[in-house]
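The residues of the chain are indexed from 1 along the displayed sequence.
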Amino acid sequence: MALDELKSALPDYAKDLKLNLGSVIGNSDLPQQQLWGTVLSCAIASRSPRVLAELEPEAKANLSPEAYTAAKSAAAVMAMNNVFYRTRHLLSDPEYNNLRAGLRMNVIGNPGVEKVDFELWSLAVSAINGCGMCLDSHEQVLRKAGVDRETIQEAFKIASVLQAVGATLDAEATLAANG
């Protein structure tokens with residue numbers, strides 16, 4: 001199992017990550033599509049080749065082709081949106097919020113899967129990319145759709161652990177190469 005490979009690749013000093021990786025994915029209460037869509041979109045957003053290579057096959061096996069594509073789409077569109085909206089938010093000139101974005105993001109309106117699932121994946125990717133405006137926007141859509149806070153937190157717990165695992169493994173690979 002890919003999860004075991006990732007856990008065994010982590011150094012001893014990252015024992016908490018090993019335990020958290022097992023719990024947030026191995027013991028998740030999320031339905032399979034929400035879980036594996038979150039895992040795939042966050043593995044992509046983590047920018048870690050090792051995390052993506054290890055988790056993508058299992059995600060693909062647990063997702064329909066439509067959900068697999070939608071999870072990748074969430075990672076792609078949020079990579080753009082998170083930079084754009086975070087920048088708007090960080091600029092001190094509020095007039096930027098009055099300008100038309102002019103960016104295509106049609107997949108958000110028609111993701112090919114349940115809207116709630118796509119919103120959850122978008123929120124998780126936004127957590128990795130650190131866009132407060134996007135986090136608030138997706139959280140509000142999810143809450144209006146009846147999604148509870150525990151489910152939303154599960155998604156950003158997965159995001160936080162996968163980001164940390166990716167950073168740790170990538171750092172160890174760099175250190176070993178320079179060793």
Show me, pair by pair, the donor-acceptor contacts under 3.5 angstrom made by side chains of residues 170-179, not counting sequence neighbours?
from	atom 1	to	atom 2	distance (Å)
D170	OD1	S48	OG	3.1
E172	OE2	Y13	OH	2.6
T174	OG1	D170	O	3.0
N178	ND2	T174	O	3.4

Please tabulate, for the side chains in residues 149-156, all donor-acceptor contacts under 3.5 angstrom to protein atoms that are two or more places apart in sequence or on a different chain.
from	atom 1	to	atom 2	distance (Å)
T151	OG1	D148	OD1	2.8
E154	OE2	K157	NZ	3.3

Indicate if L19 and L6 have the same hydrophobic cluster label, given that clusters are the connected sets of ILVMFWY residues with side-chain heavy-atom separations under 4.5 angstrom.
no
Do side-chain atoms of D93 reach the backbone of E95 as a donor and acceptor pair under 3.5 angstrom?
yes
Would you mind listing every salt bridge (charged side-chain N to carboxylate O under 4.0 Å, His left out) that reaches into residues 24-49, with sequence neighbours excluded?
none
Compare every heavy atom of G26 with every heavy atom of L3, then report the nearest pair and how far apart it is.
CD2-N, 3.9 Å
Under the 3.5 angstrom rule, does the side chain of S137 hit a backbone N or O of C134 as a donor-acceptor pair?
no
Has D12 got more than 12 heavy atoms of other residues, nucleotides or ligands less than 6.0 Å from its CG?
no
Which atom of L17 lies closest to which atom of A164, heavy atoms considered
CD2-CB, 3.6 Å
Over all atoms of both residues, closest heavy-atom pair of P57 and L52:
CD-O, 4.4 Å
Residues S41 and A75: closest non-hydrogen pair is O-CB, 3.7 Å
Calculate, to the nearest 0.5 Å, the distance between atoms CD and NZ belonging to E54 and K7 respectively.
13.0 Å
Can you tell me how far CG of L55 sits from NZ of K60, rounded to the nearest 0.5 angstrom?
14.5 Å
Considering only Ile, Leu, Val, Met, Phe, Trp and Tyr, and joining two whenever side-chain heavy atoms are under 4.5 Å apart, list the other residues clustered with Y96.
L91, L99
Validation: residues 105-123 side-chain donor-acceptor distances under 3.5 Å, sequence neighbours left out:
from	atom 1	to	atom 2	distance (Å)
K115	NZ	I108	O	2.9
K115	NZ	E119	OE2	3.0
D117	OD1	Q34	NE2	2.9
D117	OD2	Q33	NE2	2.7
E119	OE1	H138	ND1	2.5
W121	NE1	Q34	O	3.2
S122	OG	F118	O	2.9

Distance (rounded to the nearest 0.5 Å) between L21 CG and L10 CG:
7.0 Å
Please round to the nearest 0.5 Å and tell me the distance separating atom CG of L30 and atom CG of L35.
6.0 Å
Closest approach of A127 and L135, non-hydrogen atoms and distance?
N-CD2, 3.6 Å
Find out whether N20 and V165 are in side-chain contact, i.e. whether some heavy atom of one side chain is under 4.5 Å from a heavy atom of the other.
no
Starting from L103, can I reach V83 by hopping between I/L/V/M/F/W/Y residues whose side chains sit under 4.5 Å apart?
no
Qualifying side-chain hydrogen bond (donor to acceptor under 3.5 Å, both in side chains) pairs with a residue from residues 68-81, counting only residues at least two apart or across chains
E56-Y68
Would you check if the side chain of R86 reaches a backbone N or O of L90 as a donor-acceptor pair within less than 3.5 Å?
no
Same hydrophobic cluster for V24 and W36, using side-chain heavy-atom links shorter than 4.5 Å among ILVMFWY?
yes
Trace of the side chain to side chain contact (heavy atoms under 4.5 Å, CB included) decision for V125 with I44:
CA-CA 9 Å; V125 171; I44 293 168; over 6 Å; no
Distance, nearest 0.5 Å, that separates CD of Q163 from CD1 of I158:
14.0 Å
Mind listing the closest non-hydrogen atom pair of A45 and N129 along with its distance?
O-OD1, 4.5 Å
For the atom pair SG (C131) and CE (M78), what is the distance rounded to the nearest 0.5 Å?
6.5 Å
